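Read the structure below first, then the notes.
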Amino acid sequence: MKLSARIAAPVAALVLAGLTATACAPQTSDTSAKGDDKSGTLRVWLFQEVGNKPKEKVVDAAVAEFEKAHEGAKVEIEYIPVDTRAQRIKAAFNDPKSAPDLIEYGNSDTAGYVKDGGLADITEEFGAWDEARDTDPIAKQSVTVDGKVYGAPFFVGVRALYYRTDVFKDLGIDPPKSQDELISTAKKIRKAKPDLYGLAVGGAYTYGAMPFIWANGGELAGETDGTYKSGINSEKSRKGIEAYTSLFGDDNCPAAKCASMGGNATVTAFASGKAAMAIGGDFSHAAVEAGAVKGKYAVVPLPGVAENSIAPAFAGGNNLGVLKSSSHRTLAVGLMKSLSGKKTQAQMFDAMGFLPTYTDVRDNAAKKEPFVAPFVQTLGAGAKFVPASPAWGQIDASLVLPTMFQEIVSGRKDVAKASDDAAKKMDAAFTEAG
C-alpha cells in the first residue's frame, strides 16, 4: 500500500505474506476487451480467508440478487489462496482468454497492476455511482492512480494484539504496554506454559513485522523526486528487526516451526488455542470467534516502544477491480458495485468483521460491535504504508523481507548482513520499476 501523489493506500489490510515469486513475469501487452457482452458467464476471483464459509454466504447472496436482476448473466466465483495471488493474477493479465472478469486484490497492488495494464479504468462509472460518494477518501485513493479510478474499495483493515484473557488471568499479568513488555510477556508465558507460543509470530508475516520496524523509527524506503531507496538497513530499522526476530526461539515461538508461518498461520495458532497472543486484524475476528478461544480473548492496540504508545500499524485493505480484458465490462462493473456496495459491506462486517469502506456504514458497525474499538484506535494513532512504487509488488512477491527474517532467525546471517542484502534487492526492484 502506497501513499504518494500518485496513489495512497486506504486505512486497512490483509495478511499478504508468503507470496510466490513472480518477479520475472512479463509485462502485459494490450489486453483491452473486444466488445461488451450483456449476457453470459462472469468469472470472479476472490481471496480465500481463514474460515471462508461466512464470506461465501454473503457473496452467494449478493450474486443471487445480481443474477436475478440481470437475465442471461451467470456468475462463477473461485476463491484463490492469498499466498499465490501474485502469480495467478499476473498470468491472467497475460492470458485474457483464461482471465476472470473481476478480481479481489490487495490495495498495495494497485499501482503495479495499473502499470501492468491489467485493470480497467472505471473513473466514469465510479463517479456516477451514488454510493461511492460516501467512500472514505483515503480508501478511494487506494483505487486511484494519476487521477483515474481502477476499482472499488472492498474493505479496510488494520492489525492489533489479540490475547488470551484466561491465560493472562491465570498468570496474574496485564496486557503489555510497551514493546519491551510485549516481548518479555511473551517469553514469561512460554516459560510458564511451554505448550503455548507466548506470541505467535511468522517469518513470512511481513505486515505483522512492520509495526516493530516503524515503532523504532525505521522505514521500508524513502522517496526523493519519485525515486525510492530502501531504508530497511538503517540503524532504526535494524532495531525493529532485532525486536521482531528476538521472538523466534524456544523461549517464545520456535524458529523451526514459526520461521515459515505467514499471517494466516499465526491467527490460526491463536484461534486454535496454541498461542497466548497474536497480531491479527479486524478481519481475523470471525476466524478467532469460530476457534477454541471464543469467549476467552480480548484485543488491544499493539504497543509501541514508549509505554502506553501504539505501534504504527500497516494500513491496508482489499479492492475489487474489473480486468481490462473482460468482454463483459458493463456486467462486471455492475457486479463490482453489488459486491462492494453498502448492503454487502455491512453484511460482510457482520459475517467476517471486515471494516466497511463507507464512512456511514463503518460508523454504524462501530456502534454495533465493541470489538471494532481497538482497531479504530490503532488507525487513529497513525497508520503507515508500503512504498508507493509499482516495485512493491515484485518486492513482496519475491519474498525479500520474509527471506531476510528467515535468514536471521535461522542464524545464517546477522541482522546487518541480512538487512543489507534485502536493501540491495529492494533497490534493484525500485530501479527496474523506474
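Bear in mind that the values here come from a model prediction, so they are computed numbers and not experimental data. Atom set for the values below is all heavy atoms of this structure, side chains included, hydrogens, waters and symmetry mates excluded.
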Inset, instruction - Apply the test salt bridge (charged side-chain N to carboxylate O under 4.0 Å, His left out) to residues Lys148 and Asp146: give CA-CA distance (whole Å), side-chain angles for both, the deciding distance (0.1 Å), then the verdict. - result: CA-CA 6 Å; Lys148 297 179 180 179; Asp146 290 336; over 6 Å; no
Inset, instruction - Compare every heavy atom of Ile408 with every heavy atom of Asp414, then report the nearest pair and how far apart it is. - result: O-CG1, 4.2 Å
Legend entry - Single hit among Arg190, Lys188, Lys187, Lys191 for salt bridge (charged side-chain N to carboxylate O under 4.0 Å, His left out) with Asp251: Lys187
Inset, instruction - For Ser338 and Thr344, work out which heavy atoms get closest and say how close. - result: O-OG1, 2.6 Å
Legend entry - Parallel, tilted or perpendicular: rings of Trp214 and Phe314 (30°, 60°): parallel
Inset, instruction - Could you list all the disulfide (SG to SG under 2.5 Å) pairs where at least one residue sits in residues 195-254, not counting sequence neighbours? - result: Cys253-Cys258
Inset, instruction - Over all heavy atoms of both residues, which pair between Ile232 and Ser237 is shortest? Give the atoms and the distance, please. - result: O-CB, 3.3 Å
Inset, instruction - Heavy atoms only: give me the nearest Ala433-Ala391 pair and the separation to one decimal. - result: CB-CB, 3.6 Å
Legend entry - Listed once per pair and sorted, the salt bridge (Lys or Arg N to Asp or Glu O under 4.0 Å) pairs that draw on residues 346-361, sequence neighbours left out: Lys342-Asp360, Asp350-Lys368
Legend entry - Atom of Arg85, atom of Asp396 and distance for their closest heavy-atom approach: NH2-OD2, 3.8 Å
Inset, instruction - Check the angle between the aromatic planes of Phe375 and Tyr162 and answer parallel, tilted or perpendicular using the 30° and 60° thresholds. - result: tilted
Under 3.5 Å, which donor-acceptor pairs link side chains of residues 239-249 to any protein atom two or more places apart or in another chain?
{"residue": "Tyr244", "atom": "OH", "partner": "Gly202", "partner atom": "N", "Å": "3.2"}
{"residue": "Tyr244", "atom": "OH", "partner": "Gly202", "partner atom": "O", "Å": "2.8"}
{"residue": "Thr245", "atom": "OG1", "partner": "Ile241", "partner atom": "O", "Å": "2.7"}
{"residue": "Thr245", "atom": "OG1", "partner": "Glu242", "partner atom": "O", "Å": "3.4"}
{"residue": "Ser246", "atom": "OG", "partner": "Ala243", "partner atom": "O", "Å": "2.6"}

Legend entry - Short N-O contact, Asp420 and Arg238, less than 4.0 angstrom: yes
